[in-house]
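Below, chain A is the first sequence line, B the second, and so on; all start at residue 1.
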2 protein chains.
Amino acid sequence: MADHVFLFGDGKADGGAAMKELLGGKGAGLAEMVRLGIPVPPGFTLSTAVCHHYYANGQSYPGSLDGEIRAALGEVERMVGARFGDPENPLLLSVRSGARVSMPGMMDTVLNLGLNDTTVRGLIARTGDRRFAFDSYRRFVQMYGDVVMGMKPEGKQDRDPFEALLEAKKEARGVHNDTDLSADDLAELVAEFKQEILGRLGRPFPEEPWEQLWGAVGAVFGSWENARAVTYRTMYNIPAAWGTAVTVQAMVFGNLGDDCATGVAFTRDPSTGERRFYGEFLVNAQGEDVVAGIRTPQAISRASRKEGEPPSLEELMPAPYADLVAVYQRLELHFRDMQDIEFTIQRGKLWMLQTRTGKRTARAMIRIAVEMVKEGMLTRDEAILRLDPNKLDELLHPMLDPSVEKRVIARGLPASPGAAVGKVVFHADEAEAMAAKEERVILVRVETSPEDIHGMKAAQGILTARGGMTSHAAVVARGMGKCCVAGCGALQVDYAQQRFTVSTQSGPVVVKRGDMITLDGGKGEVILGSVAMTSAALDDHFNELMTWVDAARRLKVRTNADTPADARTARRFGAEGIGLCRTEHMFFEPERILAVREMILADDTAGRRRALEKILPMQRGDFVEIFRAMAGLPVTIRLLDPPLHEFLPHTDGEIGAVAAELGVDLATVKRKNELLHEFNPMLGHRGCRLAITYPEIYEVQVRAIIEAACQLGREGIAVMPEIMIPIVGYPRELAIMRALTVRIADDVIAREHASLTYTVGTMIELPRACVAAAEIAEHADFFSFGTNDLTQTTLGISRDDAGRFLPAYVEQGIYPSDPFVAIDRDGVGAMMRLAVAGGRAQKGHLKIGICGEHGGEPSSVEFCHQLGLDYVSCSPFRVPIARLAAAQAALRDPGRT
Amino acid sequence: MADHVFLFGDGKADGGAAMKELLGGKGAGLAEMVRLGIPVPPGFTLSTAVCHHYYANGQSYPGSLDGEIRAALGEVERMVGARFGDPENPLLLSVRSGARVSMPGMMDTVLNLGLNDTTVRGLIARTGDRRFAFDSYRRFVQMYGDVVMGMKPEGKQDRDPFEALLEAKKEARGVHNDTDLSADDLAELVAEFKQEILGRLGRPFPEEPWEQLWGAVGAVFGSWENARAVTYRTMYNIPAAWGTAVTVQAMVFGNLGDDCATGVAFTRDPSTGERRFYGEFLVNAQGEDVVAGIRTPQAISRASRKEGEPPSLEELMPAPYADLVAVYQRLELHFRDMQDIEFTIQRGKLWMLQTRTGKRTARAMIRIAVEMVKEGMLTRDEAILRLDPNKLDELLHPMLDPSVEKRVIARGLPASPGAAVGKVVFHADEAEAMAAKEERVILVRVETSPEDIHGMKAAQGILTARGGMTSHAAVVARGMGKCCVAGCGALQVDYAQQRFTVSTQSGPVVVKRGDMITLDGGKGEVILGSVAMTSAALDDHFNELMTWVDAARRLKVRTNADTPADARTARRFGAEGIGLCRTEHMFFEPERILAVREMILADDTAGRRRALEKILPMQRGDFVEIFRAMAGLPVTIRLLDPPLHEFLPHTDGEIGAVAAELGVDLATVKRKNELLHEFNPMLGHRGCRLAITYPEIYEVQVRAIIEAACQLGREGIAVMPEIMIPIVGYPRELAIMRALTVRIADDVIAREHASLTYTVGTMIELPRACVAAAEIAEHADFFSFGTNDLTQTTLGISRDDAGRFLPAYVEQGIYPSDPFVAIDRDGVGAMMRLAVAGGRAQKGHLKIGICGEHGGEPSSVEFCHQLGLDYVSCSPFRVPIARLAAAQAALRDPGRT
């Protein structure tokens, strides 16, 4: 069978769980279940190798594929006892995508394939259920028309044309629900659907089952490159080269009567991580109905069913429920992780349709890992390695302040935890547009679909009127770590009027587009107005996990903090010092900016010194508080970095105000603005270049730092200042800056009779600094990689301007991922390697860290570990992420002892 | 004597010509002459080591220096038979600077040191010439007051206060010339000068000779860091670290009567290189008088004296003249180069005061080198190595079109050859300011002084009313390779009215500031208006030299040419192909820019293609002509590089015009402008990034290139197109661009049934490309270093914005020289080394060149040779320079066979 077609069924399978790369997650999971003896409808998987061939050869297939498929389908026919396209006893198929990692809803699926005007009669004869047969046929023509034939133009917000015909039919019959339509109505709809296809596309719906099958396979492979899938891959950093597999499987039917059902379940609670079987199902339905959120499903177990809700599966169908419990326990133990499973019960018999590692919230991720260690299922190292560091982000951000009074106007399902405040919008495009203007928005939809993904990404939170805990909105929001309240039935959404209405005890409340609301995803609450936030409470599972993490890592983790508040937050999150304290933000505060501007507008050194003297005491005050917050830990302070024009006003109004305040004339301020204008400020007069031309700026900053340190020293507080010089490219630049720093610092220390140790080091953020690192290290006590600027200069790309081509670059696989997010190891990483080698060749134990934003990104942290850096530094909220990533890097390090 | 004080005199010297680094050019030359038995007044040199100590230790001297100087001075007193400060028989001294290389007029000199109210009486007694004694005394007080005490504020355009007193005295006496003042007048002036010093500075002129000596020594060392010297060093790339020596020498007097003289001479003609003794002198004068250009001096030999001029030195003083001839011949043979000598004749006896290698024009440089090879004085290799490649520039630039009628309004001395056209300005500052606005200016001065150096640099040419061929203006202009007409006595310059007047046969002509004039430096002509230029004629000496040069070099030399005219010029200068043909300049031509803008304003691919189709035939036409001009030679064409916004109009008026022409509304053009605006265009959406997003742009360019090549192929003309992709950083970028190029090119070739070989390569201009060179080389037939952008990105410096700090960086020795002029070997060079190693590891014989502006800069060419590049490419006018530099690099290469 070569690498193309992998059969499974009847207790035997060509592949297994280890073959995800070739079979995709779905195919590998099905094969593994078959091997475990779990009931799975037979089928076969076309591997990702076929996908690669498809895209590498102008969307064509390997020559042998047709034969291989016919052989495999023959085996499936034998196992099921029905034949594909047989008028008497037709085998129906599902055709589904399956990438290496789950991409929910991103690619296309076709169910009930094999039906036509002939086989539908066979299906009626075999099931004795004409309505079921035409319902299946109707669904098939609709899905095939949308997915394979392209009747539903991708990306449009409006419903597809088949839905309009369905609505018209219901209106004509005076009914409300699809289920109220008769077999004849459905048969008419099939004919109308086909007519619509012919009319719109000029070609008929294909009656021939093999033509249907090839069409569906091509559509699924083709969907790997649709816009939704590309967006999703970009978002989750999934390489285009992975490709998707296609699984073709015999249909089983959950819609064949009231002894039938279909459902999805998690082996533990994906929201809290609690160890309980958790899921939803629908009686007499097909699988898509549950996920699409069209009917609100029922709870699976008696324990999780709430008062007044319809009966659980446990109560309705005890025997297949008992089978399901046995299966889930077997699967969790087998995979040693929480599983997300899909099943169908056909006339009382359980069939498993999928098992995969379940998506979960950060809180659940941690609780499951910690508890599985305690249950003996995992070692601590395994538990640490299994975690996704980026997900911790969700945990660390603020939640609603419980002490604040709030007006809850509706309750829905707590589909994804966290809190969100924003303006209401009703369309994904608008959410994206407003977010681009820095507006915080809440996306409100009746239900979400994959077309809404960009809007969900842009929104602070998502609110839907329909759908359950496993609806599209819920699953995607949890994956994004975004707050979501789903299935909030009280909501009456009116897209046309751009508003929603809820009935409350005090009467109806109308919320219009642009109104502010707050969501509490942990409680499922919809709150009118904006509610204040408070810091996240870190639970015991988190704290326990982090002690394991800290024991495992070698890299130190510091924080980038410019204010005492940030420093305190970071310390609470475990920061072991400050790796980057930027001083320019201190210059922007309203009461200081005037003095800064006076300094810039001064014509000579004396004028600059006078203005700087005004800034000195304020800046010294900042350092006192930051040092106090970091008592006993090192604090790296970067001297002024941005070009001076950043501090000047730019609009005519502001210029006038500044001129008036400073008592200079308008023309002077304008002229200075023009004089300081730069074509490429990124590559301009900034960093230590400022201090080569105006040394007094750094002199005053050094004085402020050392005076602050001396003051705390007198209070008995240990201070470890590390003075860092930016934008160094030449050894002599640092030599001059070091001499300046030492001269001023030693003078202050002598004058104050203090005993203080300080160090002087440099940012490494220019390629030239990397190649000259050995000579630069002569004058440096430490290096700190500024990977933001190093990426800009090494790649020759301005971060501010890259938006126009960066997406195309990621999409076309030129960048494996956005180089401003994860360190470009082959380029920027190679430069860093040169710098580490050079620096350590000069000084064997030179302290080296990183303070670019990459310092909090897990794959970059791993790279820093591999490079042998001493520490990473990142924003306060990313400190725990970096700690976990550092532990994972240490555990993966083949050289560890 | 350690390294501090080096004595010379009486046929013995502590040093010699090989010790320039320690003794400076002047000290080393004097010592060498003493060793050769040539008459030199005795003296001693304080070495550059003292200068280093002086600057490294807060302007103080080594402890032993005082003793060493007293010992040396004792020896000088013994040799001369006079004593320093002796009231009866005073020894007078000159104190002069002397750097390793000659820096004419840049540093300070003090003559006649040792005079005071007591010793002047001794001088009168010994010489019997009271007027001479007070003239010397007057000069001394003036020089000392200016140079040592700072009476003449540096950088001011106006005359020093002593000159005002001198003028007043002449007025009071009713005389015109200094020489008409009596001994009493001069004695009064000495008293008035001293009073002026006391009044202005509050401290007296020092009477004590030792105090005078230390003051003068300190002033000379201090002058190493004065603004003039710093400007000069920056201009000529002289390291600050070299320092200057100070030579203290017994005075001899050329102003002791009519049997006295002083002069300067060259052993060959410094303007043409002709082998003839050439110089000027003044009877009864001190050396400064000749150089200062206050009196117009006389010709030294009878042969060079013109009809009606005063007699030559040969005629006036045949005996010392014969001695001088013997000395110059001896010196030229000894140094094997043209010498620039200074001498004084004191009462009939010849004393040599200086010998150094003479500055010369490019034409003279070549003729002297070629003729010295023929005379057997040098080998060809020695001759090549001795040349300054940069000087060739002068030769290659256009000269006045001889066929054009021109109105010569005055004639002066042909002080520095070449031609210049520009607007008249009268002040150096204004020359600089206007040149900064891209205006061409001619600087007109009565005479120039070192304060004018920045204006001379900025001007196209220099015109002076006074001074000879060795005046400041003449010497500096020749050094700069700038056209100069000097000593044009007909000029009446009126600074106050900002105009000059000349009397011509048709009446007086007034030329005002801003009027256009033309200078012919080869003929000494001043021409009214702007005269057309024609290409330079290259003489036989040049052609012969270049055949030696081409035989010696390994590097090929190509040109950067965007037009057929440039290509033809470069080929005439010896270019062996085009290394960089930029296509964007072709887009700017008036009839095309509209189509280019239409392309940019298009909303989709189809719209862009429509506009590009209009550009295609024009661009194809360009390539046809360029290929034709370079028939048989390779032509590297770079596809579009700049960001698209560079092609859009920016002022409201232009925007309106474009909108009207294209029939789109104003708002659309403005919006597109805003949309395309970039914060850092250098790092923006440009180069191949344009073609990743808009492949149609490169597709059309490739089509134009290949269609042009096929067309010439049909004409039987050999074409070797090399298609070059800019701004590549990732291997996959080039892979995609290569696939695009090959697809389009092969399609054209097949369609036209042509047989054409083309190659596809890439610029290496980003640090990332250097570290990923091995992988990039997989897809490249050649590399070409774009060192302009590579310097910007490696150093993180925008060339457009560096002006604010670059001078400080060069001055403080952070940059050894401007990295945009000469390749920064330790930084950019290290990146290049990585790229060469990576590229050649992948493809052993990968063709590698350079097409940045460094490709025509001699030290960069040498570095490219050392790196093993295949070729350099530079602007047409620098092709001969690169050829010579490449030959020198090959000859200096220790590994050459």
Side-chain angles (χ1 to χ4, degrees), chain A residues 643 675-687 689-690 692-693 727 729-733 735-736 765-772 775 789-809 812-815 819 824 826-831 833-834, chain B residues 643 675-687 689-690 692-693 727 729-733 735-736 765-772 775 789-809 812-815 819 824 826-831 833-834:
Chain A
L675 210 64
L676 291 178
H677 170 264
E678 293 186 312
F679 295 98
N680 295 288
M682 165 63 209
L683 308 175
H685 191 186
R686 54 177 290 228
R689 294 166 194 165
L690 290 170
I692 292 286
T693 50
I727 306 287
Y730 284 75
R732 193 165 157 75
E733 281 177 304
I736 293 172
E765 52 190 334
L766 298 176
R768 198 187 193 287
C770 296
V771 293
E775 294 73 31
D789 281 0
L790 188 58
T791 299
Q792 298 197 77
T793 48
T794 301
L795 274 55
I797 290 176
S798 160
R799 188 174 183 163
D800 294 328
D801 301 311
R804 285 179 204 93
F805 55 90
L806 206 138
Y809 266 63
Q812 297 189 36
I814 299 170
Y815 297 160
D824 158 35
D826 293 343
V828 175
M831 298 301 318
R833 194 168 280 121
L834 285 173
Chain B
L675 211 66
L676 291 178
H677 170 264
E678 293 187 312
F679 294 99
N680 295 289
M682 165 64 208
L683 308 175
H685 191 187
R686 55 177 289 227
R689 295 165 193 166
L690 290 171
I692 292 288
T693 49
I727 306 286
Y730 285 75
R732 195 166 154 72
E733 281 176 305
I736 293 172
E765 51 190 337
L766 298 174
R768 198 186 193 288
C770 295
V771 293
E775 294 73 29
D789 281 0
L790 189 58
T791 299
Q792 298 198 77
T793 48
T794 300
L795 274 55
I797 290 177
S798 159
R799 189 174 183 166
D800 294 328
D801 301 310
R804 285 180 204 91
F805 56 90
L806 206 139
Y809 266 62
Q812 297 188 37
I814 299 169
Y815 297 161
D824 158 36
D826 293 344
V828 175
M831 298 302 316
R833 196 169 278 119
L834 286 173

Inset, instruction - Could you have a look at B:Gly813, B:Gly729, B:Ala802 and say which one has the most heavy-atom pairs with chain A under 4.5 angstrom? - result: B:Gly813

Supply the atom-to-atom distance [X] [atom1] to [Y] [atom2], rounded to the nearest 0.5 angstrom.
{"X": "B:Leu683", "Y": "A:Asp801", "atom1": "CG", "atom2": "CG", "value": "8.0 Å"}
{"X": "B:Phe805", "Y": "A:Arg686", "atom1": "CZ", "atom2": "CZ", "value": "10.5 Å"}
{"X": "A:Ile692", "Y": "B:Ile814", "atom1": "CD1", "atom2": "CD1", "value": "3.5 Å"}

In terms of heavy-atom pairs under 4.5 Å, which option from [options] contacts chain B the most?
{"options": "A:Val771, A:Leu806, A:Thr794", "result": "A:Thr794"}
{"options": "A:Val828, A:Asp824, A:Leu676", "result": "A:Asp824"}
{"options": "A:Asp826, A:Leu834, A:Thr693", "result": "A:Asp826"}
{"options": "A:Arg689, A:Met682, A:Glu678, A:Met831", "result": "A:Arg689"}

Legend entry - Which portion of A:Asp789 sits near chain B, non-hydrogen atoms under 4.5 angstrom: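 For A:Asp789, there is no contact with chain B at all, as no heavy atom is under 4.5 Å.
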
Legend entry - Under 4.5 Å from a heavy atom of chain B, the part of A:Ile736 involved: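 The side chain, not the backbone.
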
Inset, instruction - Measure from the side-chain N and O atoms of B:Arg804 to the backbone N and O of A:Leu675, and report whether any donor-acceptor pair falls under 3.5 Å. - result: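 Such a contact is found between B:Arg804 side chain and A:Leu675 backbone.
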
Inset, instruction - Check for a donor-acceptor pair, side chain of B:Arg732 on one end and backbone N or O of A:Gln812 on the other, with a separation under 3.5 Å. - result: yes

Inset, instruction - Might you work through the side-chain contact (heavy atoms from CB on, under 4.5 Å) test for B:Arg799 and A:Phe679, ending with a clear yes or no? - result: CA-CA 9 Å; B:Arg799 189 174 183 166; A:Phe679 295 98; over 6 Å; no

Legend entry - Shortest non-hydrogen contact between B:Asn680 and A:Ser798, atoms and distance: ND2-OG, 3.3 Å

